[in-house]
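Everything on this sheet refers to the single structure shown next.
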Amino acid sequence: MPMFRAARGTRDLLPPERVGLARLERIASDLAARYGYRPIETPLFEQSAVFERGIGEVTDVVEKELFLLAPREEDGERWALRPEPTAGIVRAYVQHGMQTWPQPVKVTMTGSMFRYDRPQAGRFRQFWQFDVEAIGDPGPAIDAEIIELAARFYRDAGLPAVTILLNSIGDSVCRPAYIEELSAYYRAHIGDLPPLERARLERAPLRLLDSKDERVIALNAAAPQITDRLCDACAAHFAAVRTHLHAVGVEYQLEPKLVRGLDYYTRTAFEVYPAGATGQQSAIGGGGRYDGLVELLGGRPTPGIGFGLGLDRVLLALGTAGIAPTPEPAPVAVVVGSDPVDTITRLRIATELRGAGIVARAELGNRKLGKQLEAAARDGAHFAVIIGDELADGHVQLRDLEAGTQRPVSVSSLARELERATKSHRHGEAKQL
RNA sequence: GUGGCCUUAGCUCAACCGGCAGAGCAGCGGAUUGUGGUUCCGCAGGUUAUGGGUUCGACCCCCAUAGGCCACCCCA
């Protein structure tokens with residue numbers, strides 16, 4: 001057993017996996033830029049009150065999943081690693097007076113989030129999320145734009161089919177009355193509720209809607225639905241979101257039982273699942289409107305909407321869908337030399353090639369030539385530069401590792417020759433496809 | 001946080017009823033020292049997750065701990 005190992009719920013992303021994540025990060029940042037979202041970065045941790053106030057004291061995320069940091073001083077501030085990006089970004093919006101910026105403020109952030117759950121496949125204590133937030137626009141067009149952005153991300157990432165679940169969960173005008181009506185409904189059938197669900201009824205009645213208990217599912221068939229109880233303003237907003245979504249060709253599925261785990265959501269709420277499976281820890285994205293959050297964190301009343309997606313889970317979904325990650329670009333040249341000690345020449349030539357923009361990996365060990373070529377071939381290199389006796393009159397061998405042919409090339413023209421060879425090599429590949 | 005299943009080499013897995021821990025892959029080296037992915041040979045890699053217990057004897061049975069996984073909870 002190793003003396004140390006990565007902490008529970010965390011893991012090392014080794015090169016193949018990290019490369020996949022980097023690819024998703026690139027897709028995400030390209031996408032966000034095209035929609036006019038600019039990068040922002042908030043600290044990995046905040047005063048825990050930011051999350052407690054923002055996300056809600058009685059949510060699972062705050063109650064049992066907050067990754068708390070022990071204060072060093074007796075009366076020190078209480079900190080927590082961020083479990084989601086929105087609260088921190090809204091805190092920054094308020095702190096820096098972004099309400100004086102042109103509205104809406106559209107920002108994007110990609111990075112690690114932390115939740116102190118019990119780990120499982122696809123559920124980690126540290127995970128990677130891509131997030132966009134548009135603060136200062138009441139919608140509904142921006143709601144549709146963000147959902148369309150979300151849909152496009154999965155397409156760009158190569159995930160063929162995803163299911164977007166959409167709902168409106170009302171606002172402070174209509175939701176309290178709905179919750180009251182829903183609670184009353186459950187109380188009227190309290191005899192049919194298992195003890196666990198009875199306890200939840202008092203604390204988070206909305207949660208009963210997505211219960212997996214069969215008796216509750218049966219009850220839910222006749223339960224009042226939020227979408228039938230929206231106030232006029234919320235109903236009009238919801239209808240308009242859907243009209244806009246239709247206009248930009250985004251397909252979605254209405255899910256009146258969709259409730260989100262964070263208190264700050266209002267009106268538009270949505271979640272994304274890989275085609276087929278829903279439930280468990282398979283959600284690969286989610287978001288919604290949070291019109292009260294800015295005020296809650298000390299700012300002026302300001303509407304906002306955001307979307308976050310789990311890059312880990314997208315990677316996982318790509319894997320289970322059997323979609324191969326794009327291969328790493330092959331190095332075009334590996335410098336090998338028969339002289340076991342002439343690392344100076346190898347380094348010099350490799351440096352020169354890299355300066356010319358060529359991917360060059362130098363063999364700096366003293367393995368014999370055969371081993372070096374073997375390693376280069378296995379590495380997927382297309383060409384090898386062989387340094388040998390010809391160096392005396394300024395030449396090296398340029399070997400095509402796939403064709404198995406080689407010819408002497410002067411060191412001074414090596415970069416040029418390689419560039420030309422690489423180009424024709426790519427043409428050859430294109431023809432093969 | 002609750003319940004259950006699992007843990008043997010870097011990876012995937014063997015090892016009869018409790019009786020000497022093995023293979024494939026990956027890694028490294030060699031096959032008469034300037035030419036490669038195949039092939040052949042070899043080397044290295046283990047306190048059987050960790051700590052206790054039972055036993056003449058434990059990879060195997062029992063307990064605890066850690067980690068992983070599944071379900072719940074909940075989300076990304």
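Fair warning: this is a prediction, and the values are worked out from it, not measured in the lab. Numbers restart at 1 for each chain; the letters A, B, ... are given by sequence-line order, proteins then strands.
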Just the table, please: protein N/O against nucleotides 64-67 of chain B N/O, every pair under 3.5 Å.
{"unit_1": "B:rG67", "atom_1": "O2'", "unit_2": "A:Arg5", "atom_2": "NH2", "d": "3.1"}

Please list each protein N or O that sits under 3.5 Å from an N or O in nucleotides 37-43 of chain B, with the distance.
{"unit_1": "B:rG37", "atom_1": "O6", "unit_2": "A:Leu401", "atom_2": "O", "d": "2.9"}
{"unit_1": "B:rG37", "atom_1": "N2", "unit_2": "A:Ala377", "atom_2": "O", "d": "2.9"}

To the nearest angstrom, how far is [X] atom [atom1] from [N] atom [atom2]?
X: A:Leu159; N: B:rA76; atom1: CG; atom2: C1'; result: 14 Å
X: A:Asp60; N: B:rU2; atom1: CG; atom2: C1'; result: 13 Å
X: A:Glu363; N: B:rG34; atom1: CD; atom2: C1'; result: 15 Å
X: A:Lys368; N: B:rG29; atom1: NZ; atom2: P; result: 10 Å
X: A:Phe124; N: B:rC69; atom1: CZ; atom2: P; result: 6 Å
X: A:Leu369; N: B:rG36; atom1: CG; atom2: P; result: 8 Å
X: A:Asp131; N: B:rA76; atom1: CG; atom2: C1'; result: 11 Å
X: A:Leu391; N: B:rG34; atom1: CG; atom2: C1'; result: 14 Å

Task: Paired stretches of RNA chain B - 3 or more consecutive Watson-Crick or G-U pairs, each distance under 3.5 Å - done: B:1-7 with B:66-72, B:10-13 with B:22-25, B:27-31 with B:39-43, B:49-53 with B:61-65
Shortest non-hydrogen contact between [X] and [Y], atoms and distance:
X: A:Glu148; Y: A:Val248; answer: CG-CG2, 4.0 Å
X: A:Ala144; Y: A:His244; answer: CB-CB, 3.4 Å
X: A:Leu309; Y: A:Gln129; answer: O-CG, 3.1 Å

Open item on the list: Looking at A:Gln120, I'd like to know whether one of its side-chain N or O atoms comes within less than 4.0 Å of OP1 or OP2 on B:rA71.
Closed with: yes
Indicate, with a heavy-atom threshold strictly under 4.0 Å, whether [X] touches base, sugar-phosphate, or nothing.
X: A:Asp389; value: base
X: A:Glu390; value: base
X: A:Gln406; value: base

Output a table of donor-acceptor pairs, distance under 3.5 Å, between side-chain atoms of residues 286-294 of chain A and any protein atom two or more places apart or on a different chain; print 'none' if there are none.
{"unit_1": "A:Arg289", "atom_1": "NE", "unit_2": "A:Asp143", "atom_2": "OD1", "d": "3.4"}
{"unit_1": "A:Arg289", "atom_1": "NE", "unit_2": "A:Asp143", "atom_2": "OD2", "d": "3.0"}
{"unit_1": "A:Arg289", "atom_1": "NH1", "unit_2": "A:Asp137", "atom_2": "O", "d": "3.1"}
{"unit_1": "A:Arg289", "atom_1": "NH1", "unit_2": "A:Asp291", "atom_2": "OD1", "d": "2.8"}
{"unit_1": "A:Arg289", "atom_1": "NH2", "unit_2": "A:Asp137", "atom_2": "O", "d": "3.1"}
{"unit_1": "A:Arg289", "atom_1": "NH2", "unit_2": "A:Pro138", "atom_2": "O", "d": "3.4"}
{"unit_1": "A:Arg289", "atom_1": "NH2", "unit_2": "A:Asp143", "atom_2": "OD1", "d": "2.6"}
{"unit_1": "A:Tyr290", "atom_1": "OH", "unit_2": "A:Glu133", "atom_2": "OE1", "d": "2.5"}
{"unit_1": "A:Asp291", "atom_1": "OD1", "unit_2": "A:Gly304", "atom_2": "N", "d": "3.3"}

Output all residues satisfying salt bridge (charged side-chain N to carboxylate O under 4.0 Å, His left out) with [X], sequence neighbours left out; order by chain, then residue number.
X: A:Asp131; value: none
X: A:Glu25; value: A:Arg18
X: A:Arg267; value: A:Asp171

Determine the Euclidean distance between corresponding [atom1] atoms of [M] and [N]; express it in Å to zero decimal places.
N: B:rC70; M: B:rA14; atom1: C1'; answer: 25 Å
N: B:rU65; M: B:rA9; atom1: P; answer: 24 Å
N: B:rG19; M: B:rC59; atom1: P; answer: 10 Å
N: B:rC11; M: B:rC40; atom1: C1'; answer: 24 Å
N: B:rC60; M: B:rG52; atom1: P; answer: 14 Å
N: B:rU12; M: B:rC17; atom1: P; answer: 26 Å
N: B:rG10; M: B:rA49; atom1: C1'; answer: 15 Å
N: B:rC73; M: B:rC13; atom1: C1'; answer: 35 Å

Task: A:Arg399, nearest nucleotide to its side chain (from B:rC69, B:rU35, B:rA76) - done: B:rU35
TODO: From the options B:rG30, B:rG1, B:rG34, select the nucleotide whose nearest atom is closest to the side chain of A:Ile386.
DONE: B:rG34
Open item on the list: For B:rC28, does the base pair up with any side-chain atom of A:Arg367 as donor and acceptor (N or O, under 3.5 Å, distance only)?
Closed with: no
Task: Side-chain donor/acceptor of A:Gln397 to base of B:rU35, under 3.5 Å - done: no
Just by distance, with hydrogens left out, do [X] and [Y] show a side-chain donor and acceptor under 3.5 Å apart?
X: A:Gln126; Y: A:Ser112; result: yes
X: A:Gln95; Y: A:Arg91; result: yes
X: A:Tyr178; Y: A:Glu180; result: no

Could you list the residues that satisfy side-chain hydrogen bond (donor to acceptor under 3.5 Å, both in side chains) with [X], not counting sequence neighbours?
X: A:Trp79; answer: none
X: A:Tyr37; answer: none
X: A:Arg38; answer: none

TODO: Take A:Leu309 and A:Arg118, find for each the nucleotide of RNA chain B with the closest heavy atom, and name the residue whose nucleotide sits nearer the 5' end.
DONE: A:Arg118
- [ ] Quick one: list whatever passes ring-ring contact (aromatic ring centres under 6.0 Å, His included) with A:Phe307, sequence neighbours left out.
- [x] A:Phe270
Under 3.5 Å between N/O atoms: give me all the protein pairs with nucleotides 6-8 of chain B, atom names plus distance.
none

Open item on the list: Looking at A:Ala157, is its backbone amide N or carbonyl O close enough to the side chain of A:Arg23 to form a donor-acceptor pair, meaning the two atoms are under 3.5 Å apart?
Closed with: yes
Task: Greater than 12 external heavy atoms within 6.0 Å of A:Arg155's CZ - done: yes
